[in-house]
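In this text the structure is predicted, and so the values were computed from the model without any measurement. Note: hydrogens, waters and symmetry copies are ignored here, and every other heavy atom, side chains too, is used. In each ligand, atom 1 is the first atom listed, and ligand 1 is the first ligand listed.
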Amino acid sequence: MNLNTNAEITWCPGCGNFGILIAIKNAINELIGEGIKKENMVIASGIGCHAKIVDYVNVNSFYSIHGRVPPTLTGMKLANKKLVAIGFAGDGDMYDEGISHLIHAAKRNTDITMIIHDNRVFALTTGQFTATSPKGFKGKSTPKGSIENPINPIKLMLAAGATFVARGYAGKPDHLKELIKKAVRHKGFSFVEVLQPCVTFNNTYQEYNRKVYDLNAEGHDTSSFELAMKKANEWKEKIPIGVFYETQKQVFEENY
Ligand code: SF4
């Protein structure tokens with residue numbers, strides 16, 4: 001199915017968002033092939049470069065406000081449990097502006113999927129540091145380098161009670177497509193952190209291409225919380241992508 005729209009794509013050439021766009025379109029097409037009805041799908045975004053993605057995929061969509069994608073999708077699910085609700089957010093959007101909403105959606109185990117375009121910079125506003133920018137990051141708001149340590153989104157979501165925790169890479173759209181499909185099929189709150197290079201303000205392609213590896217190809221036990229926490233610590237030499245953790249818990253809207 002052609003999921004293109006008439007909207008002109010205004011991302012910078014080479015932006016990691018293109019890999020995420022390919023992955024989500026292919027994932028939606030394959031999920032429709034598995035029997036999910038297109039009219040039961042809805043996508044929502046926050047504010048930032050990532051947010052334009054809802055204009056580029058031809059399914060029901062909602063352009064939300066900064067940091068508020070999880071409560072937006074939660075409201076939709078409470079009103080209509082049949083919906084397959086997929087949210088997109090950036091790191092500044094979700095780990096700064098809306099971090100409490102993300103934590104509470106994970107804690108409630110609302111049956112939604114959150115995909116975070118983590119370029120580790122506020123890109124739409126031209127280069128301020130975010131909660132995941134590395135220590136020493138130089139940008140408009142930190143000209144001498146950030147003095148803060150970044151948060152670890154995988155550990156944060158594991159600690160908050162997310163029942164599906166994964167990481168993908170925009171440079172591997174086929175792998176990311178499979179992760180998104182697993183996240184959507186999962187009953188409960190699904191979290192997919194995506195390493196997304198921003199070629200203009202934080203170009204991380206070389207680093208990620210060198211370090212990224214598939215932890216599931218190495219036989220990682222996704223039922224072990226302790227192992228997921230341990231794997232989430234890896235970053236300096238190698239960066240794991242894939243499903244870190246998956247479990248089943250009572251779903252919020254089914255108990256509401
Ligand atoms: Fe992508 Fe960065 Fe350009 Fe935004 S500023 S479109 S994140 S490359």
[atom]: the protein heavy-atom neighbour that sits closest, reported with distance to 0.1 Å:
atom: atom 1 (Fe) of ligand 1; result: Cys15 SG, 2.3 Å
atom: atom 3 (Fe) of ligand 1; result: Cys12 SG, 2.3 Å
atom: atom 8 (S) of ligand 1; result: Val199 N, 3.5 Å
atom: atom 2 (Fe) of ligand 1; result: Cys198 SG, 2.3 Å

[X] neighbourhood, listing ligand 1 atoms whose heavy-atom distance to it stays under 4.0 Å:
X: Asn119; result: 7 (S)
X: Thr200; result: 3 (Fe), 8 (S)
X: Ala123; result: 2 (Fe), 4 (Fe), 5 (S), 7 (S)
X: Gln196; result: 7 (S)
X: Phe201; result: 5 (S)

Legend entry - Minimum-distance pair of heavy atoms, taken over all atoms of Tyr56 and Lys25: O-CE, 3.3 Å
Legend entry - Short N/O/S contact of Cys49 with atom 4 (Fe) of ligand 1 (below 2.8 Å): yes
Inset, instruction - Over 60° means perpendicular and under 30° means parallel, so classify the ring planes of Tyr208 and Trp235, tilted if in between. - result: perpendicular
Inset, instruction - Please work out whether the ring planes of Phe191 and Phe189 are parallel, tilted or perpendicular, with thresholds of 30° and 60°. - result: parallel
Inset, instruction - Determine, for Tyr213 and Lys238, whether the Lys NZ or Arg CZ falls below 6.0 Å from the six-membered ring centre while staying within 45 degrees of the axis. - result: yes
Inset, instruction - Spell out, as yes or no, whether a donor-acceptor pair under 3.5 Å connects the side chain of Asn60 to the backbone of Met41. - result: yes
Legend entry - Result of checking Asp118, Thr204, Ile239 against Leu195 for side-chain contact (heavy atoms from CB on, under 4.5 Å): Ile239
Legend entry - Residues His175, Tyr169; criterion ring-ring contact (aromatic ring centres under 6.0 Å, His included); working and verdict: CA-CA 8 Å; His175 179 264; Tyr169 172 35; 9.5 Å; no
